[in-house]
Amino acid sequence: MYYVMFVNVLYFAIMLFSFKDIRNIFRRASFSKYNTLSGSELVPSVSLLVPSFNEELTIIENVRCLMTLNYPTYEVIVINDGSSDSTMDVLIKEYELVPLTNPEVRGSIPTKNVRCVYHNEKYPHLLVIDKDNGGKADSLNAGINMSRYPLISSIDADSLLEKDALIRMARMYMENPEETVAIGGDVRIANGCVIENGAVKDVSLPKRIWPMFQSIEYLKAFLGGRIGWSRINGLIIVSGAFGLFRKDYVIAVGGYRGGYPGEDMNIIIKLHRYMLENKLKYRIAFCPEAVCWTQAPDSYSILSNQRKRWGRGNLKNMIENRDMVFNPRFKTMGMLTMPYNVIFEALNPYFRITGLLALIGYVLLDMTNWHILLVFGLVNLASGYLLSVGALILEELAFRRYTKLSDLVKMLFFSALKFVGYHQLGVLWRVQGHIQYLQNNNSWGTMTRQSWKDKNKAA
């Protein structure tokens, strides 16, 4: 009971920080002169890194989207991580790529063997790296080694950026370039949306149940959580789907850590540690108006594999960085963010399971009244539902991506429905992920993609 009460109080506190910042976010999203920056020479140049493994169905739409962003100077570096499908073939055919004889390697982060680097002078801002399979972190490191610009942005190959997403991030970076080491973007579910020519033309909610639950989750996590954590400089993760980083600091911490899922959390923890240990002023920010649309798993098996992988990555990061927990040397990160993730993320399933078993025992031993348990359960459900509703209010106040009344009603309904079955599955998947970690299972799991055209037909 005390655990549930404390975690809900903490959730609401973070949500209040999000609401406190929403006026500034609304003004920034609505009235910012970001469009004037798209042609400015003052905007820092960016290298977009796109790690790809078996992405033949989505890679062309993704690259097409990235090649048409409203941004003055940038390059797109696609890293083919030893795909076993036709990812390289479709890229070579679409962009008439030819091998570079002497590609310039600017970095020295160790990676798997780079087989070849491809280019076409007709597309001067596009570079394609073909390398042996080494995982997402290894692919990002290979992209960093080849990148030309001081800022890097990691983007998943199944994701589509809104045309102004990168310039909005750059505007936030330019507010404080000396202290900003990383910025996370808002990730939203594209299932159900109409996609044309690498862009989201019509925003709508998914029609299938699994992506719909994830849409609610993402709104709560990004708007209800990351805005608040960012305000107190306590972000522990910048989503691998879309993030912006200062390259010099990423290189200073040794690049991305490979060998297990969770590289997006690991790089942020390493950046926090490096900046705090070297007593450098810094911030890791979140830009909710910079939106990336991604394909969500639409089947039970794929979704469960993803969540088990997240559970493994979270647990491994917490264990490897346990010296930061309740360590005042690491300020907000050590005294709040890391303890929160250990107690309320990594250990959450076990508190819930043991709490449920205790309640069953109380009933069987006649140590409590059923109506007390009912009231406790209803209060717990109500608090969780209010947190989801709070995220929806933030969405309506500042962004209003979903303009249909039917979509709003649907989100309110699924915000309640997720507590009946889906929420409990999340606990199960996390426990299974922890078991896989103990078994040294570092597999990525299967993620079956659909082309964006097929997604449109399904929608």
Side-chain angles (χ1 to χ4, degrees), residues 47-69 74-105 111-148 152-161 190-191 195-199 240-242 256 258 292-295 297-299 302 305 443-458:
S47 297
L48 306 181
L49 310 181
V50 189
S52 308
F53 177 73
N54 290 351
E55 300 285 357
E56 62 179 353
L57 297 178
T58 61
I59 191 63
I60 297 302
E61 288 286 347
N62 175 271
V63 173
R64 189 176 295 153
C65 168
L66 297 178
M67 296 282 281
T68 57
L69 297 177
Y74 69 98
E75 63 179 348
V76 178
I77 303 177
V78 180
I79 309 100
N80 177 52
D81 189 41
S83 297
S84 57
D85 67 355
S86 300
T87 298
M88 273 305 306
D89 294 335
V90 298
L91 283 168
I92 291 171
K93 180 179 179 180
E94 178 71 19
Y95 294 102
E96 300 175 342
L97 301 172
V98 295
L100 281 176
T101 53
N102 293 301
E104 185 177 356
V105 181
T111 69
K112 293 286 188 178
N113 176 57
V114 173
R115 303 167 182 167
C116 189
V117 180
Y118 292 86
H119 185 62
N120 183 344
E121 291 183 357
K122 291 196 300 184
Y123 306 98
H125 307 303
L126 176 64
L127 198 70
V128 177
I129 301 171
D130 185 26
K131 59 180 287 294
D132 292 343
N133 181 260
K136 184 176 180 180
D138 192 74
S139 297
L140 289 167
N141 289 336
I144 291 170
N145 288 340
M146 290 284 182
S147 63
R148 290 184 286 174
I152 57 172
S153 179
S154 60
I155 300 168
D156 279 353
D158 65 333
S159 300
L160 300 174
L161 296 189
N191 305 54
I195 311 295
E196 293 180 6
N197 299 319
F242 182 33
Y256 285 84
C292 165
W293 297 88
T294 189
Q295 286 190 26
D298 55 9
S299 71
I302 299 174
N305 283 334
S443 64
W444 190 257
T446 303
M447 178 63 185
T448 305
R449 306 293 191 199
Q450 281 184 280
S451 69
W452 290 111
K453 291 180 181 179
D454 291 338
K455 282 287 183 186
N456 287 339
K457 291 176 182 178

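Owing to the predicted nature of the structure, the values given are computational and were not obtained by experimental measurement. Side chains are part of it too, since the values below use all heavy atoms of this structure and drop only hydrogens, waters and symmetry mates.
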Residues which pass salt bridge (charged side-chain N to carboxylate O under 4.0 Å, His left out) with Glu56, listed by chain and number, not counting sequence neighbours: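 Here no residue qualifies.
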Results of salt bridge (charged side-chain N to carboxylate O under 4.0 Å, His left out) for Arg148 - residues two or more places apart only: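 For Arg148 the salt bridge (charged side-chain N to carboxylate O under 4.0 Å, His left out) partners, ignoring immediate neighbours, are Glu75.
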Has the side chain of [X] got a donor or acceptor atom that lies under 3.5 Å from a matching backbone atom of [Y]?
| X | Y | result |
| --- | --- | --- |
| Asp81 | Gly135 | yes |
| Asp130 | Arg115 | no |
| Asn80 | Ile129 | no |

Restricting to side-chain contact (heavy atoms from CB on, under 4.5 Å), what partner residues turn up for [X], sequence neighbours left out?
| X | answer |
| --- | --- |
| Asp138 | Thr111, Lys112, Lys131 |
| Thr68 | Lys163 |
| Ile60 | Arg64, Val90, Leu91, Glu94, Tyr95 |
| Val98 | none |

Candidate pair Leu48 and Ile152, rule side-chain contact (heavy atoms from CB on, under 4.5 Å), full reasoning: CA-CA 6 Å; Leu48 306 181; Ile152 57 172; over 6 Å; no
What pairs with [X] under side chain to side chain donor-acceptor pair (under 3.5 Å), at least two apart in sequence or on another chain?
| X | result |
| --- | --- |
| Glu104 | Arg106 |
| Thr101 | none |
| Asp85 | Thr87 |
| Asp89 | none |

[X] versus [Y], closest heavy-atom pair with distance:
| X | Y | result |
| --- | --- | --- |
| Thr294 | Ser159 | OG1-OG, 3.3 Å |
| Ile59 | Ala157 | CD1-CB, 4.0 Å |
| Val76 | Met67 | CG2-SD, 4.1 Å |
| Ser83 | Asn54 | OG-N, 2.8 Å |
| Phe53 | Ser84 | CE1-N, 4.5 Å |
| Ile77 | Ser147 | CD1-CA, 3.7 Å |

Nearest 0.5 Å, what's the [atom1]-[atom2] distance between [X] and [Y]?
| X | Y | atom1 | atom2 | answer |
| --- | --- | --- | --- | --- |
| Asp158 | Glu61 | CG | CD | 12.5 Å |
| Ser154 | Phe242 | OG | CZ | 9.0 Å |
| Asn62 | Ser52 | CG | OG | 7.0 Å |
| Met88 | Lys93 | CE | NZ | 14.5 Å |
| Tyr256 | Leu140 | OH | CG | 5.0 Å |

Stepwise side-chain contact (heavy atoms from CB on, under 4.5 Å) check, Val63 with Leu126: CA-CA 9 Å; Val63 173; Leu126 176 64; 4.1 Å; yes
Does the side chain of [Y] come within less than 4.5 Å of [X]'s, by heavy atoms?
| X | Y | result |
| --- | --- | --- |
| Val78 | Tyr118 | no |
| Leu66 | Ile155 | yes |
| Leu49 | Ile144 | yes |
| Val50 | Ile79 | no |

Any side-chain donor near an acceptor of the partner, Thr58 and Glu55, under 3.5 Å: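 Yes - a donor-acceptor pair under 3.5 Å links their side chains.
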Pairs where residues 119-128 contributes a residue and the test side chain to side chain donor-acceptor pair (under 3.5 Å) is met, not counting sequence neighbours: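 Those involving residues 119-128 are Glu96-Lys122.
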